[in-house]
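One structure is given here, and the rest of the page talks about it.
Remember, it's 1-based here, ligands and their atoms both numbered in the order they're listed.
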Amino acid sequence: MKDNKMMKRIATPSNTKAILAKHGFSMKKKFGQNFLIDQNVLSNIVSRSEVGPTTGVIEIGPGIGALTEHLAHHAKKVIAFEIDQTLQPILADTLGGYDNVTIIWQDILEADLAEIYAREFAECESVSVVANLPYYITTPILTKLIESRLPFKNLAVMMQKEVAQRLSAKPGTKEYGSLSIAMQLYADVSIILNVPKNVFIPAPNVDSAVVRLAMLDNPRVELADEETFFAITRGAFVQRRKTIQNNFNVLFQDKEYVISLLEQCGVSPQTRAEAIDLETFAKIANQVVLDGKKLV
Ligand code: SAM
């Protein structure tokens, strides 16, 4: 943690343009490069991510260091993964003075997170992920972080607003689906900041939002088999407008079984998946495992 008065403010519009010009850097669409240029947005992300002097942070995609700088001032330690090696001279320039920041020049999807977690964060009280994500791989990154089963405190990540709404959606809404259920199984999910297009260079085509996933110590419900649970929740939403019975008929290819399963679990066959909460999906999945029923 450093004195805030010493902050360079890498990411004001004029500083960003000057840094890019100095290094002759042009943004790469293929890496989802949209850089933040608003100091208020940056400090709000950090404060609402609950990053403090004992927190270790993993950042994904530091870019020219806009968010990294704010994190370095508030966290104990920052480990940032960046795929684009051509940013090396820029980050050496912008973050050179920060001894609590390490850049790992690697695709986050290839990283051995367990090894890095064990090696880098022994002295931190908690570890969180804070990132303005490359939007083209939002779901694979979140899946990787969650499947790692590492004891992260928060995942505070900026993404396309529409995806943020799906992740945090409650039953009975049109955004609610298998992605909401998959994330809410492991975390309390909320949108902590809405972010307009005009605070990025270049401005993306879509609005953005920062989601905080406050990770639970254990999954929200007890599951006999997670694979079955995910297969069932995905299958339930394949045709959103159809009833749960119709979707399950396709999934199980056994109409009689579907009728008895739904009856046993107290779910009306005419219900649509979007009205079924996570606990009820867990009940259904556990019953399927108990029955030894195979999915098609
Ligand atoms: N954090 C910076 C900011 O807020 O201004 C940049 C955010 S930009 C949306 C996404 C960053 O992720 C870019 O720097 C990009 O090069 C990097 N990136 C893209 N794919 C990546 C990957 N697979 N692994 C690590 N970094 C990646």
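Ring orientation note: the planes of Phe35 and Phe25 are close to parallel, at an angle under 30° on the 30°/60° scale. Ring planes of Tyr186 and Phe230: tilted class, angle from 30 to 60°.
No side-chain donor-acceptor contact under 3.5 Å links Asn154 to the backbone of Ala156. Side-chain atoms of Gln33 come within 3.5 Å of backbone N or O of Lys28 as a donor-acceptor pair.
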Only distances under 3.5 Å count here; give the side-chain donor-acceptor pairs of residues 205-216 to other protein atoms, sequence neighbours excluded, each with its distance to 0.1 Å.
residue	atom	partner	partner atom	Å
Ser208	OG	Tyr135	OH	2.6
Arg212	NH1	Arg48	O	2.8

Practice item. Before giving the answer on side-chain hydrogen bond (donor to acceptor under 3.5 Å, both in side chains), spell out for Gln165 and Glu162 the whole-Å C-alpha distance, their side-chain angles and the decisive distance to 0.1 Å. Key: CA-CA 5 Å; Gln165 287 168 333; Glu162 196 195 312; over 6 Å; no
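Contacts of ligand 1 (protein heavy-atom distance under 4.0 Å) are Phe31, Gly32, Gln33, Asn34, Phe35, Leu36, Glu59, Gly61, Pro62, Gly63, Ala66, Phe81, Glu82, Ile83, Asp84, Gln106, Asp107, Ile108, Asn132, Leu133, Pro134, Tyr136, Ile137.
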